[in-house]
Visitor: 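Sharing a structure here in structure tokens format.
Order of the sequence lines fixes the chain letters, A, B, ..., with proteins taken first and strands second; residue numbering starts at 1 for each chain. These numbers come from the heavy atoms of this one structure, side chains and all, not from hydrogens, waters or symmetry mates.
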Amino acid sequence: SEPVTLFAAASLRNALDEVIAAWKAETGKQARTSYAGSSALAKQIEQGAPADIFISADLAWMDHLQKAGLVKPETRSNLLGNSIVLVSPKAEAKPVEIGPGFPLASLLGDRRLAMADTSAVPAGKYGKAALQSLGVWEAVEGRLAQAENVRAALALVSRGEVPYGIVYATDAAADPNVVIVGHFPAGSHPPIIYPAALLAESKNPDAAAFLTHVKSPKMKPVFEKHGFTVFN
Amino acid sequence: MDWLALSPEELTAVRLSLRIAFWAMLASLPVGLATAFLLARYDFWGKSILNGIVHLPLILPPVVTGYILLLLFGRRGAIGEFLDQSFGIVFAFRWTGAALACAVMGFPLMVRAMRLSIETVDRRLEQAAGTLGASPFMVFLTVTLPLILPGIIAGMILSFAKAMGEFGATITFVSNIPGETQTLPSAIYVFTQVPGGDAGAMRLTLISVAISMAALIASELLARRVASRVGQGAPAT
Amino acid sequence: MDWLALSPEELTAVRLSLRIAFWAMLASLPVGLATAFLLARYDFWGKSILNGIVHLPLILPPVVTGYILLLLFGRRGAIGEFLDQSFGIVFAFRWTGAALACAVMGFPLMVRAMRLSIETVDRRLEQAAGTLGASPFMVFLTVTLPLILPGIIAGMILSFAKAMGEFGATITFVSNIPGETQTLPSAIYVFTQVPGGDAGAMRLTLISVAISMAALIASELLARRVASRVGQGAPAT
Amino acid sequence: MTLTVDVSHRQGDFTLEVRFESEGNLTALFGRSGSGKTTLVNIVAGLIRPVRGRVALGDLVLLDSERGIFVPPHRRRIGYVFQEGRLFPHLSVRQNLLYGRWFAPSGERREALDTVIDLLGIASLLERRPGSLSGGEKQRVAIGRALLASPRLLLMDEPLASLDEGRKGEILPYIERLRDQMRIPILYVSHAVGEVARLASTLVLLNEGRVAAAGPTADIMGRLDLFPMTGRAEAGAVLETRIEAHEADYGLTLLRSAAGMIRVPRIDMEAGTPVRVRIRARDVMLALERPSGISALNILEATVAELRPGKGPIVDIRLDCAGTPLLARVTRRSVETLGLRPGLALYAVVKSVAFERRSIAAGTEAGGEAGGEAADL
Amino acid sequence: MTLTVDVSHRQGDFTLEVRFESEGNLTALFGRSGSGKTTLVNIVAGLIRPVRGRVALGDLVLLDSERGIFVPPHRRRIGYVFQEGRLFPHLSVRQNLLYGRWFAPSGERREALDTVIDLLGIASLLERRPGSLSGGEKQRVAIGRALLASPRLLLMDEPLASLDEGRKGEILPYIERLRDQMRIPILYVSHAVGEVARLASTLVLLNEGRVAAAGPTADIMGRLDLFPMTGRAEAGAVLETRIEAHEADYGLTLLRSAAGMIRVPRIDMEAGTPVRVRIRARDVMLALERPSGISALNILEATVAELRPGKGPIVDIRLDCAGTPLLARVTRRSVETLGLRPGLALYAVVKSVAFERRSIAAGTEAGGEAGGEAADL
Ligand SMILES: Nc1ncnc2c1ncn2[C@@H]1O[C@H](COP(=O)(O)OP(=O)(O)OP(=O)(O)O)[C@@H](O)[C@H]1O
Ligand SMILES: Nc1ncnc2c1ncn2[C@@H]1O[C@H](COP(=O)(O)OP(=O)(O)OP(=O)(O)O)[C@@H](O)[C@H]1O
Ligand code: MOO
Ligand SMILES: [Mg+2]
Ligand SMILES: [Mg+2]
């Protein structure tokens, strides 16, 4: 039978590869994933990409597709959650108390804060929201180094180019060169959610079963191992 | 080195990249040559426009090029739909699409190299061939073409190398489906997107570099042979 | 058209892109020329390696190139730290870094074009200049250089166009800081990443294309003037 | 075959305005550097399309700007030996030679490859590339390439300029053979008066893009007013003769002309064949009495017709030998000493060895009937 | 200045193995196409570095493979007129002409631009680009370019091959002036025997990459055994003479030689100047008795020294004129008729007009002392 085709945000790769391996072992069926940026994947789906399942890194692109009638709304669910953290290069790491009005600007001095793009990339958008709600956005807005994606932002910290960066906890945990110096309070930004759904044009009979597999409690430890929080 | 051992999936990506680069190079060859010839030799209305279009993939961010390809050649795209229904040719989310994207991205490089060569051909040699009875087409085949071989080789290797590295347009156009559209650069990209992926990215990068280097060296050897054949024979100093 | 009106921020991006593309092109010119000359004229140990390195930016996915630049020219990078401490030259998060990234990405294109031209220069003319008393350097300046102008122009326009479109390496190396390193492609990229951003992306794309077209047409006119001067004077058919 | 040319063309400051018709098998274009020879040849080849004009070879119209006819170069079947070689650098000598063959109608491959290779002495070069050939070797290959295309018109732009005398001496008879036996019409550009005088039945003298004179070679070479263009040293008269007999013992041939009998080195043709010989003015000595006991074999009775003092010590003298004009060149001192004046009867003395091979050409005015070679001196 | 050349070089199948020394101001390289002339010139210019060898100009060593000396081309200050032009296509004619000036030490700019432009007749071409020049125009510009570089050695590889007689006649005296007045040593490649005979004090005859003969031009041109290479038509003897007097009325000059008095067209030099004249064998007529009433002004007493029958009707005869050798060429028929045999006393008759400009050269054996021109015929 045809393999199930997932379109998934690239940051999910490590976790999803394991999930798929488990599915193969269990059912003997194939599944394959096209990992890319959520925006690219969404646009491809708009143009009739032969995908069965979409797992986005943020709600916006899923909403976009749903409005266009390209997903099966009844199958949509919030699959995973993530959190954002403040990281520092290992060499200069000092814990930072993150709260309203915390002195991020003075911590930076004349250096920069690395983030994923604050208007385009989900991690950047969440970071911006958090800084805004904590009232420090104005002070650091001019001192940002915005990267194409979270990993690139992390690289800037990891290389010591910047003293601080805001990245996903999932990424921070895996990089030995950086240290998490502070966690952003959950309420300081909209919840970080990876929604998943079956696509309207999917004809693969195994797709629904695969999605169930992904959501199954058995897979929970896999995702948690990679730093995600699992909903439901 | 164990570290260099490829997973079956990665092996697939290597093979696919080679196939895509090869076909991208080959398929753009005739079109590129014709375009280069047109631009080098003729003056016509809209020449600037054609020249501009040729250069577009260079000027545009690859993502935009990929998106335009998606809009044009996608399943729902103006040309894509037509090609599909009329000839059953599908680019969308196939390796052929990746080849198309790579060909398009490499096109300006290929055309420029060939055009430069065509412009330096001594037209008096073509005239001489004409007086010997060769029709314009035969002149092209027997005189112009051999003389511009260095440019053709340069154009081909540029196109090939570009195809080995192209990623933005490809992943935007045909996505990143293992075994179908996942090229080496796409695979590398995904590695860079996850924690701990650096080693994998590095490994694939080395492989990609090794392949391209081999192609490069081969092209140099070829070019040298051609050059020694056509050489002006100026006394060595 | 109101729709085309640029926000102040976008205007900044346009100006910055122009500045970066211009300097990327200009700064790589001497290095590119020297490299092209070396590759075209000399045989030396490690020539294949040099040739490979020149082509690397073409072969590697731009993100990887950007990352390598970061490793080398970042504040903590091997070369970056040295340059900073010795000469106070900083690339990190500066427009100069963006220019460096663009220059590197355009380098193989520039070198190839120039190299092709150098290879077609009739060395007997250089010999003639030598017998007239011109030292090798003067021969280069007064004979070789004028004769390879078409290749130089081609190389420059390729480098410029590439710089106008380059994005992956730039954003990875120097990030995307408005007014400092946010080029047009970066701005376009941002638009493509949000739902409904297509119109904005389209607008900036058109501007980028318009600029590059103007540069392209200028380069063609220039090349034509050069060609008419150097023309073989073969009788027109 | 008649070659008709009537063209106007401009390039830069230079205007070409040429009109001539040549019945001759070999038409020489002669003129100073920059006078428009190559331009004209390019027009005939179809490489330049002139502003206005007509070019025809017999009935075949190659160009007629009024009727909008322009046969493209590759349909003209013209063999062109360019002034600057133009060998294909990417092909071996052999491939260069055979290039035109691919395109010639197979029925019309006249020249055998081996013959041409032998003639031009290029057998050892066949596998070489043109880049490493010497100047003369290139030129020889270029000649071979044009010949082997089996053209119906041969254009030769200074084909022998870079060749040594020995090689010229081998190739010239071959060109004569093409002209006479193959009857390929040839348009031949040369600066070498000797070559032209020997080869051309018709001569077109170009000067600054215009025809200064056109007609039978003998007439033009003998015209005193054209000396500045034809070159004074080579000036001479042409005698129409017929072979009377051969003196086999001495390797000489006896020619009958209106002016009297002439002995020249042996010409390998039958008695009765018409032969044109050129006598250069500088080779004619004058004597008031019939000399005896001298080595010169040819003594012709003549009357002084005209004296033309040039600048310097030289006087050109037109003689009348029983109605045939002859030119002589002597010093002014001799003119005085001998009392030369129009109407004076005297003897013109010419050595037999003065008739070099290049000054003897077989053929009637209308072009050679059958070819033949004068003995090699 | 002495030019010493002793080199070995291989290219492909061709081996060059040349050794000569020339005291003469103008050394001609003569030889068939492909004999290695251009290769040798390239070695002297430094464009080819031979496997082994030594090249020196006077004390200045340009190449010595044993001592590891190799002066690069741009330091040799050599003006090279290439066989194939090699004009800079991107520069105007004027810029081409002035190119070498930029690099010449400013104190040594000898030739005035205007003089050279006038001489070569290229005034109207100055703003043009080489691409649109005719073959001869290109060659003239190339000559000008080399001259204006104020070289200390001039290499000319068939510089006049593509020029008409008129133009040649203008340029040749200029080259003589360079040779004699400027005293620039010249290495001159040519196929034209006349040119070589006129210009060269020393002749080096190349054959298949080796020196077949080298020495004073007169000696080599007169050697019967070298005729196959030098060309028989031009064979002749050289007489060493001294100017005795001028016959101003007639525009003649009287020369005294061991063989007797000779009248030639005026030579613009003082009485007493040594002059070398060449008398071509074909221009010498023999008479048993002293002829009278003839236009020939030069009648020399001679004795037959040797008869050399060639193939065909021709016999070459070596005469002894009071110890000086002279060559004559007559038919076998005349030999019989006149009963020519060694020891026979007779008269050699030579027309004054036979002394063309090209056959007269001022100078002693060691090269010209002061320059001068023979009157233009
Ligand atoms: N690069 C080369 N490889 C092999 N053979 C060569 C090379 N260059 C020249 N030759 C050969 O060397 C010989 C001498 O060449 P050169 O150019 O010196 O002749 P040349 O005497 O100048 O003849 P020409 O009068 O025809 O110009 C020729 O037979 C030529 O074919
Ligand atoms: N493209 C051009 N533009 C301007 N003038 C030109 C062009 N081509 C040729 N000429 C001029 O036209 C004239 C005739 O040139 P052409 O080549 O026919 O001379 P030619 O008789 O063959 O001379 P040569 O014996 O020197 O080869 C020359 O004065 C030349 O400078
Ligand atoms: O044009 Mo790119 O930035 O090399 O994929
Ligand atoms: Mg010409
Ligand atoms: Mg030569």
Visitor: State whether a side-chain donor-acceptor pair under 3.5 Å links B:Q182 with B:T12.
Guide: no

Visitor: Which region of B:V63, side chain (C-beta onward) or backbone (N, CA, C, O), has a non-hydrogen atom less than 4.5 Å from a non-hydrogen atom of chain A, or is it both or neither?
Guide: neither

Visitor: Just by distance, no angles: are the side chains of B:S208 and B:T205 close enough, under 3.5 Å, to form a donor-acceptor pair?
Guide: no

Visitor: side-chain hydrogen bond (donor to acceptor under 3.5 Å, both in side chains): which pairs involve residues 177-186 of chain A, sequence neighbours left out?
Guide: A:S158-A:N177

Visitor: In terms of heavy-atom proximity below 4.5 Å to chain A, should B:Y67 be classed as side chain, backbone, both, or neither?
Guide: side chain

Visitor: I need the residue from A:A40, A:A9, A:A155, A:G48 with the largest number of non-hydrogen atom pairs under 4.5 Å to chain B.
Guide: A:G48

Visitor: Side chain, backbone, both or neither: which part of A:S11 has a heavy atom under 4.5 Å from chain B?
Guide: both

Visitor: Side chain from CB out, backbone as N, CA, C, O: work out which of these in A:D175 comes under 4.5 Å of a heavy atom of chain B, or both, or neither.
Guide: neither

Visitor: Hey, would you say the A:Y126 and A:F184 ring centroids sit under 6.0 Å apart?
Guide: no

Visitor: Only one of A:I53, A:T33, A:D52 forms a side chain to side chain contact (heavy atoms under 4.5 Å, CB included) with A:T5, so which one is it?
Guide: A:D52

Visitor: Let me know if B:S175 has heavy atoms under 4.5 Å from chain A in its side chain, its backbone, both or neither.
Guide: both

Visitor: Should A:R76 and A:D63 count as an ion pair when the cut-off is N to O under 4.0 Å?
Guide: yes

Visitor: Name the region of A:Y168, side chain, backbone, both or neither, that has any atom closer than 4.5 Å to a heavy atom of chain B.
Guide: neither

Visitor: Please look at A:T170 and chain B and tell me whether the side chain, the backbone, both or neither of the residue comes under 4.5 angstrom of a heavy atom of that chain.
Guide: backbone

Visitor: Among A:G227, A:S34, A:A173, which has the most heavy-atom pairs under 4.5 Å with chain B?
Guide: A:S34

Visitor: Can a salt bridge be assigned to the pair B:R115 and B:E119 using a cut-off of 4.0 Å between side-chain N and carboxylate O?
Guide: yes

